[in-house]
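Report on one structure; see the data block that follows.
Sequence lines set the chain letters: A, B, ... in the order given, protein chains first and strands last, and positions in each chain run from 1.
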Number of protein chains: 2
Amino acid sequence: MDNIYDLIIIGAGPAGLSASIYASRYKLEHLVFGVEQGGQMNEIYDLENWPGEKKISGADLISKFVEHVEGFGAKINRESVAGISKLEDGTFEINCAKNVYKTRAIILAMGAHYRKMNIPGEKEFTGRGVSYCATCDAMFFREKTVCVIGGGNSAAVVALELTDFAKKVYLITKEEKMSAEPAWLEKIVQNSKIELVKGTGVIEIKGRKNPADSRPEGENKVEKVVLDKAYNDKNNLEVDGVFIEVGTEPGVELAQKIGVMTDEKNYIKVKEDMSTNVPGVFAAGDITTGSSKFRQILTASSEGAISANSAYKMLKLKQ
Amino acid sequence: MDNIYDLIIIGAGPAGLSASIYASRYKLEHLVFGVEQGGQMNEIYDLENWPGEKKISGADLISKFVEHVEGFGAKINRESVAGISKLEDGTFEINCAKNVYKTRAIILAMGAHYRKMNIPGEKEFTGRGVSYCATCDAMFFREKTVCVIGGGNSAAVVALELTDFAKKVYLITKEEKMSAEPAWLEKIVQNSKIELVKGTGVIEIKGRKNPADSRPEGENKVEKVVLDKAYNDKNNLEVDGVFIEVGTEPGVELAQKIGVMTDEKNYIKVKEDMSTNVPGVFAAGDITTGSSKFRQILTASSEGAISANSAYKMLKLKQ
């Protein structure tokens with residue numbers, strides 16, 4: 001007979017890794033899938049709200065999580081999950097390009113990914129001035145002028161982060177009032193490199209194009225953004241880089257294929273114990289409607305713990 | 001006009017302190033009340049499920065939380081809260097012996113305290129052999145024989161902890177199967193100092209009494225526990241110490257006085273955003289019915305964060 005796992009956790013961000021820590025405490029034979037450990041946490045430059053850590057980078061915190069997980073003997077599998085199927089006996093198959101894994105229970109913890117704006121120039125200049133990851137790309141804009149598009153916490157943090165490199169940062173927000181935490185807003189107002197451009201959106205990204213030169217470091221590069229409402233009598237802002245921070249979307253395709261119910265925004269509907277409508281399938285973290293939709297590393301971790309406890313109780317009942 | 005806080009958090013355990021960390025990020029003028037920081041966490045000898053910390057004591061983790069809270073400039077007030085009252089204008093008064101504090105919102109995070117067994121001898125020998133805190137008292141039983149009463153995780157951990165000092169530890173559990181995590185059960189079975197006494201309860205604690213000697217270190221001391229079902233043909237076990245680990249009860253008296261609704265076990269009923277039935281009053285941590293009643297440091301912290309976010313949103317709406 002094939003080896004069958006008690007539990008497979010899909011996603012190696014805070015939810016998936018916390019679920020693994022609890023699963024190890026319960027002695028569940030389990031596997032964590034994550035092509036990239038940490039997910040969105042890797043893009044967090046400066047984290048000040050993980051209790052007990054006054055200031056830590058997302059990457060450093062996730063490394064501590066991974067060390068904890070692996071210290072308990074659990075494995076993080078780097079294969080990409082291509083599909084999930086539910087078998088007639090109530091167990092599941094996880095399909096990767098080369099291998100198939102069997103499991104009695106699943107925790108979906110794939111998190112969310114960055115939302116695109118779908119405006120002209122966005123796709124064309126991605127990697128050539130347009131970025132969704134300041135932590136990855138900020139250093140390429142030393143002494144340059146950049147803009148950040150967005151009004152929430154992540155836009156605020158990214159704008160501050162960019163001031164370590166860029167000479168000037170426009171923070172462009174559609175709303176008249178940013179939704180970012182006051183602690184970040186205060187820092188933004190105090191930072192002389194940041195200019196707040198409120199109440200206007202970006203409708204196009206323009207730049208120099210040389211179809212003959214397709215090198216990432218080549219001649220194609222962003223030159224300006226077009227605003228939908230004039231700012232200081234100008235409809236354009238000249239920038240060398242555009243950082244898009246307009247929120248996230250859940251990575252839910254795998255789940256929908258096995259009939260897991262989602263809300264109107266595609267987040268997985270979970271009960272209080274993190275179970276979904278499909279027996280044996282649990283979900284945790286940014287991908288769910290849980291924690292009153294307050295999506296934080298801390299709330300994701302807590303959901304991970306609860307989901308592992310619920311999976312454990314279900315498996316014990318079946319013994 | 002009197003100074004009025006945006007938020008008062010009652011309780012300085014993981015829920016209250018995490019709430020404070022988030023409240024500081026939101027720039028809420030707030031105060032945390034806690035006679036003793038950390039609450040039950042101080043009794044945790046060995047903690048292995050706080051993500052990112054492979055092994056830490058409860059006291060050390062709570063110190064990191066307190067440092068985080070105070071690093072943001074928030075204050076922990078050591079006064080004991082005697083009462084809460086709701087004023088007609090929708091604000092609240094927090095009454096301490098000497099001072100009165102006014103606030104717009106409250107987070108109740110008083111946690112839970114140890115449950116008593118209410119058996120003969122328990123009260124009489126408390127502090128004279130009967131203990132609810134192994135971390136505090138284990139060292140007094142060096143090379144002695146002790147018992148732990150309980151079947152859950154805390155009983156398991158306490159039994160293991162006591163083996164660092166005692167020469168022999170009986171772990172007495174009413175059920176035939178302990179509910180503790182398998183990881184702990186495995187360690188217990190492997191520990192030669194621990195003897196598992198399953199399927200029997202303790203109905204009385206007996207000892208030597210000398211009414212003339214009332215000193216804590218005096219002659220009054222535990223000598224044995226009486227079992228309700230014979231073990232190895234004996235109805236008594238000779239022990240020098242009794243550690244009671246039969247669960248916790250929420251510290252909910254303050255809340256009930258202002259009309260906060262609780263469930264049949266006295267835990268505060270919370271909605272998904274950690275609000276209670278009383279407008280302006282939120283609750284978080286072991287005192288609530290939240291997190292699918294899976295009461296952990298991690299879930300308490302997450303509830304603290306959610307409650308602070310909800311309080312912040314409520315206060316912002318009122319501005």
(request) Over all heavy atoms of both residues, which pair between Ser292(A) and Asp273(B) is shortest? Give the atoms and the distance, please. (result) OG-CB, 3.3 Å

(request) Report the C-alpha distance between Leu298(B) and Ile306(A) in whole Å, list the side-chain angles of each, state the deciding distance to 0.1 Å, and finish with yes or no for side chain to side chain contact (heavy atoms under 4.5 Å, CB included). (result) CA-CA 10 Å; Leu298(B) 181 54; Ile306(A) 296 168; over 6 Å; no

(message) Report which part of Ser275(A) has an atom under 4.5 Å of a heavy atom belonging to chain B: side chain, backbone, both, or neither.
(response) neither

(message) Once salt bridge (charged side-chain N to carboxylate O under 4.0 Å, His left out) is applied, what residue pairs with a partner in residues 288-306 of chain A remain, sequence neighbours excluded?
(response) Asp263(A)-Lys293(A)

(message) With heavy-atom distances below 4.5 Å as the criterion, would you say the side chains of Arg25(B) and Trp184(A) are in contact?
(response) yes

(request) State, with a plain yes or no, whether a side-chain heavy atom of Phe72(B) is found less than 4.5 Å away from one of Glu48(A). (result) yes

(message) To the nearest 0.5 Å, what is the distance between CE on Met274(A) and OG on Ser291(B)?
(response) 7.5 Å

(message) Heavy-atom pairs under 4.5 Å with chain A: which of Glu272(B), Glu67(B), Glu186(B) has the most?
(response) Glu272(B)

(message) Within the structure provided, determine whether His68(A) and Trp50(B) are in side-chain contact (heavy-atom separation under 4.5 Å).
(response) no

(message) Given heavy-atom pairs under 4.5 angstrom as the criterion, report whether the side chain, backbone, both or neither of Phe294(A) touches chain B.
(response) side chain

(message) Looking only at heavy atoms and a cut-off of under 4.5 Å, which of Ala300(A), Gly71(A), Ala305(A) has the most pairs with chain B?
(response) Ala305(A)

(message) Does Lys64(B), at its NZ atom, have more than 12 non-hydrogen atoms belonging to other residues, nucleotides or ligands within less than 6.0 Å?
(response) yes

(request) Determine which residues belonging to residues 9-22 of chain B lie within contact range of chain A, meaning some heavy atom pair is under 4.5 Å apart, and list them by number or answer 'none'. (result) Ser18(B), Ile21(B), Tyr22(B)

(request) Can you establish whether the number of heavy atoms outside Lys187(B) located under 6.0 Å from its atom NZ is more than 12? (result) yes

